[in-house]
Amino acid sequence: MEDYELRLLMCFPGSFINTSGEFIACRESNTYFCLANCKDETEVKYKVIERLSRAAYKTEPFYREIDNNRFHAFISAGVNEFLGTSFGADEWKKIYTKLGNCCNRPLTERFVASGYDLNILEGL
């Protein structure tokens with residue numbers, strides 16, 4: 001296991017990597033992405049942004065609003081800790097809208113390479 005994979009697990013308490021190589025950030029909400037096809041830490045950062053930004057911003061897997069708010073905070077905190085960022089709700093909205101679900105991989109690559117400069121996402 002790579003150092004960045006261990007760090008990813010530590011950023012999301014209770015998370016795990018299953019036998020299919022999927023990183024399960026939260027079992028109760030089925031929030032995960034495939035880690036097995038990431039060749040290095042940079043690709044993991046792309047996936048964290050593309051696959052977890054929706055959960056940090058707006059996913060509502062639970063019936064109660066308080067549980068959904070806790071879920072958003074959990075995912076946001078984990079992603080921020082892994083990336084070394086401090087994105088809040090407004091930033092997650094922008095990130096998810098422009099990069100979520102792998103809708104623009106070249107832009108995700110630019111965003112990561114810039115050190116997560118939100119100005120890159122402006123005006124697109």
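All values below come from the heavy atoms of this structure, side chains included, with hydrogens, waters and symmetry mates left out. Counting from 1, the numbers follow the sequence of the chain as shown. The structure displayed is predicted, hence computed values, not measured ones.
- The side-chain hydrogen bond (donor to acceptor under 3.5 Å, both in side chains) search around Ser53 returns none, not counting sequence neighbours.
- The two residues Ala89 and Tyr57 have their closest heavy-atom pair at O-CD1, 4.2 Å.
- Heavy-atom contacts from other residues, nucleotides or ligands closer than 6.0 Å to CZ of Arg27 number 12 or fewer.
- Ile75 and Phe16 fall into different hydrophobic clusters, where Ile, Leu, Val, Met, Phe, Trp and Tyr are joined by side-chain heavy atoms under 4.5 Å apart, directly or via other members.
- Within a 6.0 Å sphere centred on CG of Asn37, other residues, nucleotides and ligands contribute more than 12 heavy atoms.
- The hydrophobic clustering, which links ILVMFWY residues whose side-chain heavy atoms are closer than 4.5 Å, places Met10 and Leu83 apart.
- For the atom pair CZ (Phe111) and NZ (Lys98), the distance works out to 12.0 Å, reported to the nearest 0.5 Å.
- The number of heavy atoms from other shown groups lying within 6.0 Å of CZ (Phe33) is above 12.
- No side-chain donor-acceptor contact under 3.5 Å links Thr108 to the backbone of Tyr46.
- When only modelled atom types and interatomic distance are considered, Asn80 and Ser86 share no side-chain donor-acceptor pair under 3.5 Å.
- The distance from atom SG of Cys38 to atom CD of Glu43, rounded to the nearest 0.5 Å, is 5.5 Å.
- Closest of all the heavy-atom pairs between Arg105 and Lys47 is NH2-CG, 4.4 Å.
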Would you check, one step at a time, whether the test salt bridge (charged side-chain N to carboxylate O under 4.0 Å, His left out) holds for Arg70 with Asp67? CA-CA 5 Å; Arg70 284 185 191 136; Asp67 294 329; 3.5 Å; yes

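- A pairwise comparison of heavy atoms in Pro61 and Ser29 identifies CG-CB, 3.6 Å as the closest pair.
- Taking every heavy atom of both residues into account, Asn68 and Thr59 meet most closely at OD1-O, 4.3 Å.
- Here the straight-line distance linking atom CD of Glu50 with atom CD1 of Ile95 works out to 12.0 Å at 0.5 Å rounding.
- In the hydrophobic clustering of ILVMFWY residues, with side-chain heavy atoms under 4.5 Å counting as a link, Val48 and Leu6 come out together.
- Arg7 and Glu41 are joined by a salt bridge, as a carboxylate oxygen and a charged side-chain nitrogen come within less than 4.0 angstrom of each other.
- Close placement of the Phe23 and Phe12 rings is indicated, their centers lying within 6.0 Å of each other.
- The heavy-atom pair separating Asp117 from Ser114 by the smallest distance is N-OG, 2.9 Å.
- The two residues Cys103 and Thr97 make their nearest non-hydrogen contact at SG-O, 4.3 Å.
- Heavy atoms from other residues, nucleotides or ligands lying under 6.0 Å from CG of Asp3 number 12 at most.
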